[in-house]
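This structure is a prediction, so every number in the text was calculated from the model and none was measured.
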Amino acid sequence: MTHRTSAEAAVPDRVSDIVIALGLALLSFVMVSYIMGSLVLLAGGILSPLSSAIALGSAFAIALAIAGAHRTISVLRLGILTVILLSISGLASAAIIDTSIDGQNYHFQAIAALQSGWNPVYEEFQTSTAMSPLSLPPWPINYPKASWIFTALLQSVGIPIEAAKCLGPVMLLAAGLLATGALLRLGVCRPIAVVSGLLATANPVAISQMWTRMNDGVFGSCYVAFIALFVIAATRGWDRRSLIVMVGLTVFAVNLKFSIIPIWALLCGAACLAAFWLSGWAAARRLIVALMLGGIAGIFIFGFQPYVTNTIEHGHPFYPLFGEGAADIMTSNSPDTIQERSASGAFVFSLFAETHSGFGGVPSVKVPFTISQEELRMAGGVDTRIGGFGPLFSGALLIAVASLTALLVRGSGTERVKLAVFAIAVTTLTVAVMPENWWARYVPQLWLVPILIAVAATSASSRLLRYAAFAILGILVLNSTLIFASSSLLAMKRSEAVRSQIAQLKEIEEPIFVQFGYAKARLALFQDAGLNATAVSDDVAPPCKDSLSITAYGPDREGGSICVNLHPD
């Protein structure tokens, strides 16, 4: 059996090499920073300003060495462009305060504890004295910590907490650049490659979470980056550097979220099958070894805490979501209209229903391509439960399914179509294995399905199919644009409310005592603003006559209390 390697079919393109180099630099900086920070903790150290500076500096140098290996662009220029993109991501993040519930709560607590000297590998949870009264959920202790370690490194070298939450924008840029470069190498024309590549990472989940510490969107970017890296590796003859990056990405990805493990295992298995199909056993063997090393290192070394420690201490690697005494986080988060349906029924309903929070009303199935004003507002939420891929996604998906059916019926045999169909099948399988696949944040990779179909259809001989492909891409671009506008405007509005309240509190001369509830990150903002603020346990009533509610507590929620008069009745 003979195989024609994809490298032979690759289209030499200097533009694609430059785009790929920049994407590799950003991605490598993130994953190597995490690996370096983890090594510090594994060695018994802490993320001090010095160790963090060394870790970040080393990661940046390694990233440039990896990305600049092909010398398409000088290392100096690559470094300057990388710094510019990182700076833009940080400045944009600094402008918008994280007002998400999860981002302000346990994500912040974990990052703050790591920054203040907590070593989760060897120590019980510990944090600064100022933050010790804050209630502690189990998640910072028992959850994977990749995004937290990366952010803590940035904060430890003095980057403000809001600017340091730039992982989302950085990963979005990295994945978009890599996807664009991969499509160019497959021979996709530049306009379609740029639109499709950037659109692939402009996932509604990633867009709506860009200004938060949440990491569901980051996983969506990892998924896109992995597929792009597979294409790049195949078109470069399975070179060592491409495989090394895939190993690093695997180490980083499996330490983002528990739910990634089964999805990533299926993705890696499918990649190995595709490598055998494209290039034979030798290429498949190299990829199998690389991905197995990445998985083993990611779970048993860099993920020793929590995967191994959870198993030893609680009998299950995914504790506290599974195992004895597991926490039920889904019942309260599942709308009634979802709980009353079967798993498949809930999935289909969520795809074709109006974009809705799931609470405060009963969502209904809608006519595709229609949009209401309320949907636009709901689309800007960071964890929209129903129709979470946006108000236009269902219409684009219908056109995509019809286009795919036509492609299969016509029996198109181009390599691009075959690769797209394989990727669609794998992605659909990774969605199907997730029990909560009705909730977009748990299956952000579903966003790729209509995009992959559109890319395949652009190579069809049928003019109608090509027009359908352009329609799919156009609809999804509009969909992502609406979500970006909605989420950004809502986030900026809440940020302004937070800053206004801080300015108001500065006029109070007495110390203030605050029950932060889920808005724990607000304590750091209060302290950075010079407020004499003390955290009070939620179980203790502060001695005050008057109080204010914490503003911009979270999307459509209220909570937290600021004591502004210390004289009790």
Side-chain angles (χ1 to χ4, degrees), residues 20-43 45-70 75 78-87 89-90 111 114 121 144-157 159 164-175 177-178 215 218-219 221-222 224-226 228-229 232-233 239-256 260 264 290-291 293-299 301-304:
I20 290 170
L22 190 52
L24 284 175
L26 291 172
L27 177 65
S28 299
F29 175 68
V30 169
M31 66 189 194
V32 177
S33 293
Y34 160 67
I35 290 171
M36 297 295 290
S38 294
L39 289 175
V40 170
L41 298 175
L42 287 168
I46 62 173
L47 302 184
S48 65
L50 177 59
S51 65
S52 297
I54 293 173
L56 291 171
S58 301
F60 188 75
I62 293 171
L64 293 185
I66 293 173
H70 293 278
V75 174
L78 180 61
I80 292 173
L81 288 174
T82 303
V83 169
I84 289 173
L85 291 181
L86 289 172
S87 299
S89 298
I111 295 165
L114 288 165
V121 180
K145 298 175 173 59
S147 64
W148 300 340
I149 289 174
F150 175 76
T151 306
L153 288 170
L154 297 179
Q155 289 185 193
S156 293
V157 296
I159 296 176
K165 68 177 195 310
C166 61
L167 177 60
V170 171
M171 285 297 294
L172 194 149
L173 286 171
L177 289 166
L178 288 172
N215 55 19
V218 174
F219 165 59
S221 296
C222 287
V224 173
F226 183 91
L229 286 170
I232 293 166
D239 63 302
R240 184 178 300 175
R241 283 185 173 85
S242 297
L243 295 178
I244 288 174
V245 178
M246 295 182 78
V247 170
L249 179 59
T250 297
V251 170
F252 177 78
V254 298
N255 283 288
L256 272 178
I260 288 174
W264 207 260
L291 296 179
L293 287 175
I296 292 171
I299 293 175
I301 300 177
F302 297 98
F304 181 86

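The side-chain heavy atoms of Q155 and L114, taken from C-beta on, include no pair separated by under 4.5 Å. For the pair L291 and T250, the minimum side-chain heavy-atom distance is below 4.5 Å. At a threshold of 4.5 Å between non-hydrogen side-chain atoms, the residues T82 and L26 count as touching. Under the 4.5 Å side-chain criterion, counting only non-hydrogen atoms from C-beta, L249 is in contact with W264. Looking only at side-chain heavy atoms (C-beta outward), V32 and F60 stay at 4.5 Å or farther from each other. Side chains of I232 and L24 form no contact here, defined as non-hydrogen atoms less than 4.5 Å apart. Using a 4.5 Å heavy-atom cutoff, the side chains of C166 and L86 are not in contact. Side chains of L56 and L154 form a contact here, defined as non-hydrogen atoms less than 4.5 Å apart.
The side-chain hydrogen bond (donor to acceptor under 3.5 Å, both in side chains) analysis of residues 29-42, with sequence neighbours excluded, yields the pairs Y34-N255. Listed by first and then second residue, the side-chain hydrogen bond (donor to acceptor under 3.5 Å, both in side chains) pairs involving residues 164-173 are E162-K165 (not counting sequence neighbours).
Going from atom CD1 of I244 over to atom CD1 of I62 covers 10.5 Å, rounded to the nearest 0.5 Å. Taking CZ from F150 and CZ from F29, the interatomic distance works out to 5.0 Å, rounded to the nearest 0.5 Å. Atom OG of S51 and atom CG of L39 lie 11.5 Å apart (nearest 0.5 Å). For the atom pair CG of L153 and CD1 of I149, the computed distance is 7.5 Å after rounding to the nearest 0.5 Å. Here the straight-line distance linking atom CE of M171 with atom CG of L178 works out to 9.0 Å at 0.5 Å rounding. Taking OG of S242 as the reference point, atom CD1 of I20 lies at 8.5 Å (rounded to 0.5 Å).
A25 and L78 get closest at one heavy-atom pair: CB-CD1, 4.3 Å. Closest of all the heavy-atom pairs between L256 and S147 is CD2-CB, 3.9 Å. I46 and V40 make their closest contact through O-CG1, 3.4 Å (heavy atoms, listed as atom of the first residue, atom of the second, distance). Listed here is the closest heavy atom pair of V251 and A297: CG2-CB, 4.3 Å. R241 approaches A65 most closely through the heavy-atom pair NE-O, 4.3 Å. Of all heavy-atom pairs between A164 and T151, the closest is O-CG2, 3.4 Å.
Panel note: side chain S221, backbone G168; no donor-acceptor pair is recorded below 3.5 Å. Looking only at distances, a side-chain donor or acceptor of S156 sits under 3.5 Å from a matching main-chain atom of L47.
Among residues two or more places apart in sequence or in another chain, the side chain to side chain donor-acceptor pair (under 3.5 Å) test is passed with S89 by none.
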